[in-house]
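Take a look at the structure below.
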Amino acid sequence: MAAAGAAVAVSAGLALAVFLPAPATPAAAAARAAGVTRPLSAHGIAGWRQARSYTEPTLTAGEGVATVTPRHGTPYTLYRGLGSISIPLAVAGWQHIGDPDSARGYIFDDYQWKASTGTSKMYLVTTPSGAQYQYVHTLVTGELYNNSWVAVSPSTRWTLSGEWNTMTHLQIYPTPILNRATARKGGSLRLAGYVKLDHPVNDIQGCDFVTARRLICESDDSTQTLFSNAKPLLEVVLARKLNGHSVAGHVIDLGSIPQRSSCTGTFEAEGDDYDTATGVLRVSIIQPGTCAVNTTFYEYKARR
């Protein structure tokens with residue numbers, strides 16, 4: 001669920017985000033200068049056709065989703081929610097988990113500190129054998145404490161993450177364990193560079209690679225100040241494959257994430273996943289009002 005600028009209220013055992021006004025930032029000024037972009041599709045998602053939808057409990061699936069392909073065994077869908085945080089990690093101060101990802105049977109979870117006073121963010125890696133290692137990144141100057149999602153590149157050597165609020169970049173890290181530049185059993189994690197976006201984005205909750213140069217990202221933005229539609233599903237096209245250095249990224253608005261419910265109120269767009277084996281794209285959104293106990297997942301296939 002939401003990260004920065006959010007106070008937490010508890011209702012019926014479920015933590016819900018109550019948003020507070022975000023402070024002005026240089027990225028916000030850039031957003032005003034960039035103007036408003038229209039989606040490629042006014043109805044549906046450009047380039048994708050919806051195949052089906054289903055719901056999962058928000059407590060265990062309201063933060064994100066990933067496809068895990070074990071070295072031996074059957075691929076499965078992994079969900080993450082507030083209830084996915086272990087008691088030891090919560091007690092230690094890691095009280096928000098974001099949209100996960102998986103590569104080569106490894107699972108990558110992204111955590112942020114319990115308060116905006118945090119000076120670091122953490123990536124928890126679960127190996128195919130079940131061992132877990134923590135990789136901690138110390139915030140650089142100007143970096144927000146949020147850690148809403150993680151996406152591993154197809155090469156598995158590089159990982160992307162993002163901050164909350166209005167941003168003109170995504171962050172690039174060496175992938176823990178899978179990149180030889182990182183320690184094998186936990187430790188520090190350095191920032192390698194940025195994906196420098198040609199259009200500002202707001203409140204990105206999840207991204208996943210479709211190809212080595214294309215990502216699909218969910219934005220929880222309903223302000224219509226950057227994009228003319230609410231809850232835009234965005235495609236980010238990289239100028240080249242990730243190699244550990246900063247790279248340009250072209251932002252495309254594909255259309256709006258569906259907002260369908262028997263309840264009224266505010267939806268919250270969350271994580272997404274692309275299954276390379278089946279070609280299925282999953283996007284998720286938390287239901288509004290009293291239906292917030294459920295998260296809807298929409299599945300898409302690329303149009304031919």
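Positions are given from 1 along the sequence. When reading the values below, keep in mind they use all heavy atoms of this one structure, side chains included, and skip hydrogens, waters and symmetry mates. None of the values given here were measured: they were computed from a predicted structure.
- Counting only distance, with no hydrogens or angles, the side chain of Asp198 and the backbone of Val251 share a donor-acceptor pair below 3.5 Å.
- The two atoms that bring Arg71 and Arg104 nearest to each other are NE-O, 3.9 Å, heavy atoms only.
- Screening Asp273, Asp272, Asp101, Thr295 for a side chain to side chain contact (heavy atoms under 4.5 Å, CB included) with Val65, the sole residue that qualifies is Asp273.
- By the rule that hydrophobic residues join a cluster once side-chain heavy atoms approach within less than 4.5 Å of another member, Val136 and Tyr133 end up as members of separate clusters.
- Listed for the Lys114 side chain is no donor-acceptor partner under 3.5 Å among the backbone atoms of Ala90.
- Between Arg38 and Ser228 the shortest heavy-atom distance is CA-OG, 3.5 Å.
- Between the side chain of Glu56 and the backbone N or O of Ala61 there is no donor-acceptor pair closer than 3.5 Å.
- The two residues Trp94 and Ser120 have their closest heavy-atom pair at CH2-OG, 3.6 Å.
- Taking the charged nitrogens against the carboxylate oxygens, Asp220 and Lys231 do have a contact shorter than 4.0 Å, which makes a salt bridge.
- Side-chain atoms of Tyr135 come within 3.5 Å of backbone N or O of Ala183 as a donor-acceptor pair.
- Shortest non-hydrogen contact noted between Leu160 and Trp149 is O-CZ3, 3.4 Å.
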For this session: Would you please test Tyr111 and Gln134 for side-chain contact (heavy atoms from CB on, under 4.5 Å) and show each step?
Result: CA-CA 10 Å; Tyr111 285 84; Gln134 295 184 25; over 6 Å; no
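- Transitive grouping of hydrophobic side chains (ILVMFWY, heavy atoms separated by less than 4.5 Å) keeps Val68 and Val152 in distinct clusters.
- Using a 4.5 Å cut-off between side-chain heavy atoms of Ile, Leu, Val, Met, Phe, Trp and Tyr, with links allowed through other members, Leu226 and Ile257 fall into different hydrophobic clusters.
- Atom CZ of Arg184 sits in a sparse spot, with 12 or fewer heavy atoms from other residues, nucleotides or ligands closer than 6.0 Å.
- Residue Glu143 comes nearest to His137 through the heavy atom pair OE1-NE2, 2.9 Å, listed as atom of the first residue, atom of the second, then distance.
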For this session: Given side-chain contact (heavy atoms from CB on, under 4.5 Å), test Tyr194 with Ile172 step by step and report yes or no.
Result: CA-CA 5 Å; Tyr194 298 98; Ile172 305 172; 5.5 Å; no
Exercise. Step by step, would you call Ser148 with Asn146 a side-chain hydrogen bond (donor to acceptor under 3.5 Å, both in side chains)?
Worked result: CA-CA 6 Å; Ser148 298; Asn146 323 106; 5.8 Å; no
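- Nearest approach of Arg157 to Asn179, heavy atoms of both residues: O-ND2, 2.8 Å.
- Considering Val210, Val236, Leu234, Asp208 as possible partners of Leu215, the one that fulfils the side chain to side chain contact (heavy atoms under 4.5 Å, CB included) test is Val236.
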For this session: Go through the steps for Phe267 and Ser261 under the test side-chain contact (heavy atoms from CB on, under 4.5 Å), then give the verdict.
Result: CA-CA 9 Å; Phe267 290 78; Ser261 177; 3.6 Å; yes
Exercise. So Ser161 and Tyr123, side-chain hydrogen bond (donor to acceptor under 3.5 Å, both in side chains) or not? Walk me through it.
Worked result: CA-CA 10 Å; Ser161 279; Tyr123 297 86; 2.9 Å; yes
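- Here the side chain of Asn294 pairs no donor or acceptor atom with the backbone of Pro57 at under 3.5 angstrom.
- A donor-acceptor pair under 3.5 Å links the side-chain atoms of Asn202 to the main chain of Thr166, judged by distance alone.
- For Arg180, the CZ atom sits in a loose shell: 12 or fewer heavy atoms of surrounding residues, nucleotides or ligands are nearer than 6.0 Å.
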